[in-house]
Undergrad: 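Pasting in a structure now, in structure tokens, and then I'll have a few things to ask.
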Amino acid sequence: MLIKEYRVICPLEVDEYQRGQLYAVAEASKAETGGGEGVEVLKQEPFTSDEVKPGETLSGTYTHKIYRLKNKMPWIVKKMFPDSAMVLEEECWNAYPYIKTVVTNPGYMKKDFYVIIESMHLADSGDTLNALELPKKLLKQREVVHLDIWEDCYLKKQDITPETDPRRFRSSKTGRGPLKEGWYNDSEPVMCCYKVIQAHFKWMGLQNRVEKLIHKQYPRLFVKFNREVFCWIDKWYVMSMEDIEKYEEETAAQLKKQLNRGQIRGMVATEDNEKSKYGPNLCFLESPASSDQMETSANALDDFRNDSTKILQELAFILNVKEHLGADEMTSQEQRATEFEMEYLKLIGIVTPEADNYGQPKRGLAEG
């Protein structure tokens, strides 16, 4: 299991950030929901518990959501995995300034996949050594990553717009911005979002690479999301917490109506007009904003082919062999692949050994 702590500094007060974050998540959910996919809020209710964070009794808002992501997945992933692999569940205990979020895939990976995000929001510039009070064992595993919303090195070109660029934005309601390099050294206010993420993916031979792939998405996610929170400040600044809570309730009701209506919204993987010899090319469309978990999934897909080539190679190889031969490994004694199958394996970078069939006629794997 990989553990990283991301520290994101923002030009906001801690109480302001609470309102801005909730507003941005609601907007993102609406932008990503429609046509049978996106966000469904199953529960949103008050909670009090001493189990969310051992040793403390917390009170706040509990939210249970489902993310349906099938058409946001690359074509090859949809071919290789069942629909249940593309439905994520999120449980969130918001006891601000502490928040705990758990993302799982109970329909397919079950206990073999989860992402736990613990967040603490403090009025400092990211110099608190152990904001989440991690035990010594986890502290030894933890890697700290500092993020500044002024920086754009983690972003893609399409992430940077005049409306959400803190280097250009100036708030008409607060007078804050535009930000300059090193803004946190001589500006007020300054706060930090501390986020400790534990990513677990149990799959023999793939665990380390997939966990690294999951973590690779978070710097882009956190910088992009928190840029939007700041640059949308004029939209939410005058809203009270009561206004925000009412807005969340209205959004949850709207999502129920919107989920199965109209077209798929937000970021989707679609087929190009031109199809290659072996399948569709992918065209990715991004929405202007998204919530933590939706954006993580979307960003992961955007880089999927480049960042996970080896994973796809291994999965495709295993699945081809199991489906066609009922075997767990391929040896030189197995039947030969057809020309198409050999070309497909070659296309995704798998080199298969020459078969030794002792003079038997050539035939394809599917004929075995």
Side-chain angles (χ1 to χ4, degrees), residues 1-22 24-25 53 56 92-103 115-156 159-160 164-167 176-177 179-199 211-233 290-293 295-296 299-300:
M1 178 171 65
L2 282 183
I3 301 174
K4 292 190 180 186
E5 180 178 306
Y6 299 90
R7 300 180 181 181
V8 192
I9 52 174
C10 299
L12 298 169
E13 301 281 1
V14 172
D15 65 325
E16 292 174 347
Y17 185 85
Q18 181 182 20
R19 291 179 285 128
Q21 180 189 46
L22 293 173
V25 167
K53 191 177 183 184
E56 294 186 35
C92 178
W93 295 263
N94 189 337
Y96 196 84
Y98 173 82
I99 303 174
K100 182 175 183 178
T101 303
V102 180
V103 180
V115 177
I116 300 174
I117 305 172
E118 291 187 272
S119 304
M120 180 60 76
H121 304 83
L122 300 176
D124 62 33
S125 55
D127 49 11
T128 299
L129 296 180
N130 188 12
L132 274 302
E133 301 176 341
L134 298 178
K136 290 182 179 180
K137 182 180 178 181
L138 293 184
L139 280 176
K140 290 180 181 179
Q141 298 175 252
R142 178 193 68 172
E143 175 187 341
V144 175
V145 180
H146 292 271
L147 300 172
D148 173 9
I149 65 169
W150 181 88
E151 295 284 353
D152 58 15
C153 57
Y154 291 108
L155 301 176
K156 294 185 176 293
D159 296 333
I160 304 171
T164 58
D165 186 350
R167 300 184 184 192
R176 297 175 206 169
L179 302 184
K180 62 181 181 179
E181 187 174 7
W183 61 271
Y184 46 85
N185 291 320
D186 55 12
S187 296
E188 291 290 344
V190 179
M191 64 155 292
C192 182
C193 312
Y194 294 84
K195 293 182 175 288
V196 173
I197 298 179
Q198 303 176 50
E211 289 176 357
K212 284 182 178 179
L213 177 63
I214 291 170
H215 273 288
K216 186 172 182 179
Q217 314 307 319
Y218 278 106
R220 181 188 175 200
L221 158 67
F222 291 144
V223 172
K224 183 175 184 293
F225 179 78
N226 285 287
R227 278 182 162 215
E228 292 166 346
V229 170
F230 171 60
C231 292
W232 290 348
I233 189 171
S290 44
S291 63
D292 277 9
Q293 299 315 315
E295 180 72 3
T296 300
N299 288 339

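In this chain, numbering begins with 1 at the start of the sequence shown.
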Undergrad: To the nearest 0.5 Å, how far apart are CG in Asn94 and NZ in Lys100?
TA: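 Here the interatomic distance stands at 14.0 Å.
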
Undergrad: About how many Å separate NZ of Lys216 and CG of Leu2, when rounded to the nearest 0.5 Å?
TA: 14.0 Å

Undergrad: Could you state the interatomic distance from CD (Glu151) to CZ (Arg227), rounded to the nearest 0.5 Å?
TA: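 It is 9.0 Å, given to the nearest 0.5 Å.
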
Undergrad: Distance from Gln141 atom CD to Gln198 atom CD, nearest 0.5 Å?
TA: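 Result: 8.0 Å between the selected atoms.
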
Undergrad: Quick check: do Ile197 and Ile3 have side-chain heavy atoms less than 4.5 Å from each other?
TA: no

Undergrad: Looking only at side chains, do Tyr194 and Asp124 share a donor and an acceptor under 3.5 Å apart?
TA: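 There is such a pair between these side chains.
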
Undergrad: Taking only residues two or more places apart in sequence, or in another chain, which ones meet Val14 in a side-chain contact (heavy atoms from CB on, under 4.5 Å)?
TA: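 Only Tyr96, His121, Ala123, Met191 meet the side-chain contact (heavy atoms from CB on, under 4.5 Å) criterion with Val14.
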
Undergrad: As an exercise, state the distance from CG of Leu147 to SG of Cys10, rounded to the nearest 0.5 Å.
TA: 10.0 Å

Undergrad: For Asp152, is there an ion pair with Arg167 - N to carboxylate O distance below 4.0 angstrom?
TA: yes

Undergrad: Walk me through it: do His215 and Tyr6 pass the test side chain to side chain contact (heavy atoms under 4.5 Å, CB included)?
TA: CA-CA 10 Å; His215 273 288; Tyr6 299 90; 2.9 Å; yes

Undergrad: The test is side chain to side chain contact (heavy atoms under 4.5 Å, CB included); show your working for Leu179 and Phe230 and say whether it passes.
TA: CA-CA 11 Å; Leu179 302 184; Phe230 171 60; 4.3 Å; yes

Undergrad: Quick one, Lys53 with Glu133, criterion salt bridge (Lys or Arg N to Asp or Glu O under 4.0 Å). Give me CA distance, side-chain angles, the key distance, then yes/no.
TA: CA-CA 10 Å; Lys53 191 177 183 184; Glu133 301 176 341; 3.7 Å; yes

Undergrad: Is there any salt bridge (charged side-chain N to carboxylate O under 4.0 Å, His left out) pair reaching into residues 4-14, and which pairs are they, with sequence neighbours excluded?
TA: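 Those involving residues 4-14 are Lys4-Glu143, Glu5-Arg7, Glu5-Arg142.
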
Undergrad: If you round to the nearest 0.5 Å, how far is OH of Tyr17 from CD1 of Ile233?
TA: 12.5 Å

Undergrad: Output yes when a side-chain donor or acceptor of Asp159 lies under 3.5 Å from a complementary backbone atom of Leu155, and no otherwise.
TA: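 It does not hold such a pair.
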
Undergrad: Does some side-chain heavy atom of Cys92 sit less than 4.5 Å from a side-chain heavy atom of Ile99?
TA: yes

Undergrad: Please tell me if the side chains of Cys193 and Asn226 come closer than 4.5 Å, counting only heavy atoms from C-beta onward.
TA: yes

Undergrad: Would you mind reporting whether Leu221 and Tyr154 have side-chain heavy atoms less than 4.5 Å apart?
TA: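 With C-beta onward as the side chain, the pair stays apart.
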
Undergrad: So, do Ser119 and Tyr98 sit near enough that their side-chain heavy atoms are less than 4.5 Å apart?
TA: no

Undergrad: Show the nearest heavy-atom pair for residues Gly126 and Ile9, with the distance to one decimal.
TA: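 Of all heavy-atom pairs spanning Gly126 and Ile9, the closest is N-CG2, 4.1 Å.
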
Undergrad: Test salt bridge (Lys or Arg N to Asp or Glu O under 4.0 Å) on Glu188 and Arg176 and set out the steps.
TA: CA-CA 9 Å; Glu188 291 290 344; Arg176 297 175 206 169; over 6 Å; no

Undergrad: I'd like to know whether Leu134 forms a side chain to side chain contact (heavy atoms under 4.5 Å, CB included) with Val196, so could you lay out the CA-CA distance, the side-chain angles of the two residues, the decisive distance to 0.1 Å, and finally the verdict.
TA: CA-CA 9 Å; Leu134 298 178; Val196 173; 4.0 Å; yes

